[in-house]
Structure formats: C-alpha cells, structure tokens
Amino acid sequence: MNYISTRGDQSPKHFCDILLEGLAPDGGLYLPDHYPQVNDATLARWREIYHKQGYAELAFEILSLYIDDIPATDLKALCAKTYTAEVFGTGEIVPLRHLENNIWLEALSNGPTLAFKDMAMQLLGNLFEYELARRGEQLNILGATSGDTGSAAEYAMRGKKGVRVFMTSPAGRMSPFQQAQMFSLMDDNIFNIAVDGVFDDCQDMVKAVSNDLDFKRKYKIGTVNSINWARLLAQVVYYFAGYFQATETNAEKVSFTVPSGNFGNICAGHVARMMGLPVARLVVATNENDVLDEFFKTGVYRVRGSADTHETSSPSMDISKASNFERFVFDLLGRDGVRTKALFGDALSRVGFFDLEAHPAFSQAASRYGFVSGKSTHADRLATIKDTWESHGMMIDTHTADGVKVAREHLQAGVPMIVLETALPIKFAATIVEATGREPDRPAKFIGIEALPKRVISMAADARAIKTFIAENCE
Ligand SMILES: *Cc1c(COP(=O)(O)O)cnc(C)c1O
C-alpha cells in the first residue's frame, strides 16, 4: 500500500515511512492511494473473526490491508498486545449498549485515560517502540495539552523503549482529575512540564522548538498529533466492530454519530464506509465551536481565531479548525491535490475561509458520502445528560451528550444509530453534577488518584527553558 499527500505529492511511501512523520513535505496529510474494498464474503469472515476471536484479530485483518512493511506475525502480535481486557477493562474492548429506540452507544472510553484517544494511542505506542527498535533510533515526543491528548500519549508511551515524552500543560488549568492522571506517572521516560501560562503559550513553545531545525534533528523531536495516519487507521476498526454488534446480517445498514473536533474520529468512519462498510449516514456532532456543522450545512469552511473559539463544557471539541478535515475534502474533490492545496494551502491562509456551496461536489457530501451534521450547546448538553440519566439510568459524558443530542435529530426508520461514546463522565464531573445533581461513578482504579505523589516540573513560558530541559534529559 502506497501513501500519497492530499496536496498532490505522489512519491510513494509505505506505512512505516509515514508512521513517525507528521505532515507530508508539501504540507498535506497522508492518505492511502486507494481504499481496499471489502465485499460480502470479507464482511462475513470478519464478523465471525470478531465474534469468535475478538477485537485484536479483527484489528489485524483491517490493519494488514494498509500495512505491508511489518511482517504479518509481528503485526498480529502488536494488535494482540494492544487490545487486551487488562488495558481496555473488558474483553469486548468496544461494547455496544442500548440507549433508546434504535440508538446505541459504542463504548470507546474504557482505556487507561477513559477517553477514546486510547483506542489509537495505545497501538501507536506499541508501533513506535517496534519501529524505533527496528531502526535503532530514538524519539522525543514534545507536545502541548489541555487534557485528553497529553494523558493518552503518556499512558501509551510510558515505559516504552526508545521513546521519551515531554508534555507541556498550562499550570493549574486542567481539572484535578486530569492533573492527577498525568502527574502521577512515575515512569523515567515521561516528563510533565507545567507552564506558567495558558494553552497557547504551551503550543507556542512547542512550535518554537519544532522550528529550530538543528535542535529538532539533533534531539529527534517528534509529535503524536491527530493527523498521524496510524491513529486514524486504528480508529477504522471500531466502526466495523460496532457494525457487527448492531446487525445480524451484512444486508443491514447502520449510521454513526460522532462527537467531533479535529475530524479524526469521523474521518475513520469515512474510511470504513469507503471500504464498503454498509453505513447509511455519518453524523458530525459539534458543540458551540461549529466550524464543521457550518460547512456541512452551507459549504463554507471558515476557521476561527482564538478569540472566537469558545471554552465549553465539552472541551475536547473546542477547536478553531479541524485538522483532519482536509482528508475528506480531498476525497470529495475527486482526489484533486491541486485543488485541495489551493483551498487549504492558499485560501485558508489568505482569507481564512473557502466556499464550496456552488461546487458540484458539495451536494455529494451528503448524497454520496453520507455526511450530515448538527450542533449542541451547553444547555443541550445539560438537558441530554439529565434526560439519559433520569429516563434510562445511564450517565453519559459531555461530549457523548453532544452526540446523543444530534443523533436524535437524524434517525431513520429501521437504521440503527450508533453514537460513539468518547469519554467517561468522571472526566467532566462538574458538568455532570450541574446536570444531574450527582457525582459520576469512578472506576475502581482511579479512586484516590488526586492524593498520589506527583512528578511534574514548573517552567516559565520560554522556549529556551524547554530546550535546556530536553537537552539535559537526553544524555
Ligand atoms: C478528541 C476528542 C473528541 C474529538 O475527536 P476528533 O477526532 O478530534 O474529532 C471528542 N470527544 C473526546 C472526549 C475527545 O477526547
């Protein structure tokens, strides 16, 4: 399988070439040069594999269609090591629960940090360790986080050979639970850095280091951001697993609703659908930061400035631009890299938006690709959390609530609607209490984590300070 850039670069690359890379050299995102097609017989075989042998075997089947530079026995072992009941709390890995009518919740948030990012990040940790050992290389992951991504990365990379994680976060701005999750890690290769500043200051420090190419090369600086193709690929698997749980035959269709921010999760659904998974609709749910809802309703994609990016009670969806969205637009435009580059490389940086309303492809977003969208606000979130608790005794987190609210607006008779549950309520306890008057349940392994010793250093918002710190810890 070859990978190409959404901005036109066709020079062939294989999976492991792009595994440790971020953007393509031309600034685009990597995609496979075609989507492998699954027919009825494949679906029937995978259904049986999933039910009889489990999630890890299904993951191996799907991943092996996209990865031709890791031997099959090794890839199988990596999947088996990643998707275990110990790590994900249940042998089903992504169990489906019935909510109401034909709405189901697919639990993606039973991993180590209780958010769906573990699904991909845990695999990435094992892939990184494998590939770095094979090359005899090291990698220093530098990141900025306001919560979910940083902790998922740390729990995926802790104790991994060849990898260190330097994670900056704004001092005192994460919830006590999130701080405890990250700062209680005692592994030698994990470095928590509390920056005296806000999230943007952390990001600026990371950017400043990445722009220093000599430093970057010398200290092997890398990232684990959501545009990494391996993360997206890992997420394709649970669309199939959800489908096999919600249906009995391959003649049936399902729809998915996905609480969305950077468009990574739902883009994996798009890939699954392009492979031939019988998906009726892919419903994009946004919060008040509705860049994506605006696009699917009007054809206008308008990125926001930080002043227009709202801080909401579903914070992992607080984005000003959707970093994976370029992948879908590339497909929508018939994989025209020149056009995609004109939109994302030129128009966005020049005027901050583009408008596809008059483009013949735009109507195909819904008709051919199944995309529809909706938006949810703080008031909707509270009402949905209260209602699912009072009517069904089910407590859902704020992001999942945005999904349920929007899913209810897009039901079709006879088509099961699967809402992806992207986090557990305990991560956002304050809003749950606001909605229901009750504290959410806390999984046993997290009881008392706020009292654990913390391993974190404080730092001024200064790129020189972080460079010195990295250099000192890479001896
Ligand atoms: C990251 C995240 C999202 C958004 O997912 P994208 O792939 O960025 O669209 C939604 N919910 C939670 C809890 C998350 O952590």
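Remember, it's 1-based here, ligands and their atoms both numbered in the order they're listed. Here, residue 1 is the first one in the sequence, and each next residue gets the next number. The model shown is predicted, which means the values in this text are computed figures rather than measured ones. Side chains are part of it too, since the values below use all heavy atoms of this structure and drop only hydrogens, waters and symmetry mates.
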From Ile193 atom CD1 to Cys202 atom SG, the distance as rounded to the nearest 0.5 Å: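 Spacing of CD1 (Ile193) from SG (Cys202) equals 9.5 Å.
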Distance-only donor-acceptor check, side chains [X] and [Y], under 3.5 Å:
X	Y	value
Asp290	Thr286	no
Glu421	Thr400	no
His359	Arg339	yes

Give yes or no for whether the N/O distance cutoff of 3.5 Å, strictly under, is met between [X] and ligand 1.
X	answer
His399	no
Gly261	yes
Gly264	yes

Between Phe371 and Phe263, does the ring centre distance come in under 6.0 Å?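 Ring-ring flag for Phe371/Phe263: true, centres closer than 6.0 Å.
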Is the Phe330 to Phe325 ring centre distance short of 6.0 Å?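 No, they do not, as the ring centres are separated by 6.0 Å or more.
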Treating Asp33 as the side-chain partner and Met1 as the backbone partner, does any N or O pair qualify as donor plus acceptor under 3.5 Å?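 Not confirmed, Asp33 side chain does not pair with Met1 backbone.
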So does Ile227 get a backbone contact from the side chain of Arg327, meaning a donor-acceptor N/O pair under 3.5 Å?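 Between the backbone of Ile227 and the side chain of Arg327 there is a qualifying donor-acceptor contact (under 3.5 Å).
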What protein heavy atom is closest to [atom], reported as residue, atom name and distance in Å?
atom	result
atom 3 (C) of ligand 1	Phe116 CE2, 3.6 Å
atom 7 (O) of ligand 1	Asn265 N, 2.8 Å
atom 11 (N) of ligand 1	Thr422 OG1, 2.9 Å

Please could you name the atoms of ligand 1 that [X] approaches to less than 4.0 Å, counting only its heavy atoms?
X	result
Met317	10 (C)
Ala423	13 (C)
Pro259	4 (C), 10 (C)

Under 4.0 Å, heavy atoms only, figure out whether ligand 1 is touched by the backbone of Phe263, its side chain, both or neither.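 For Phe263, the contact with ligand 1 is made by the backbone alone.
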Relative to ligand 1, is Lys117 under 4.0 angstrom through side chain, backbone, both or neither, heavy atoms considered?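 The answer is the side chain of Lys117.
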For Ser260, state whether at least one heavy atom is located under 4.0 Å from any atom of ligand 1.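 Ser260 counts as a contact of ligand 1 under the 4.0 Å cut-off.
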Out of Leu232, Leu108, Asn262, who gets a non-hydrogen atom closest to atom 6 (P) of ligand 1?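 Nearest option to atom 6 (P) of ligand 1, by heavy atoms: Asn262.
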Does Lys375 come within less than 4.0 Å of Glu294, counting only side-chain N to carboxylate O?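 So Lys375 does not pair with Glu294 through a salt bridge.
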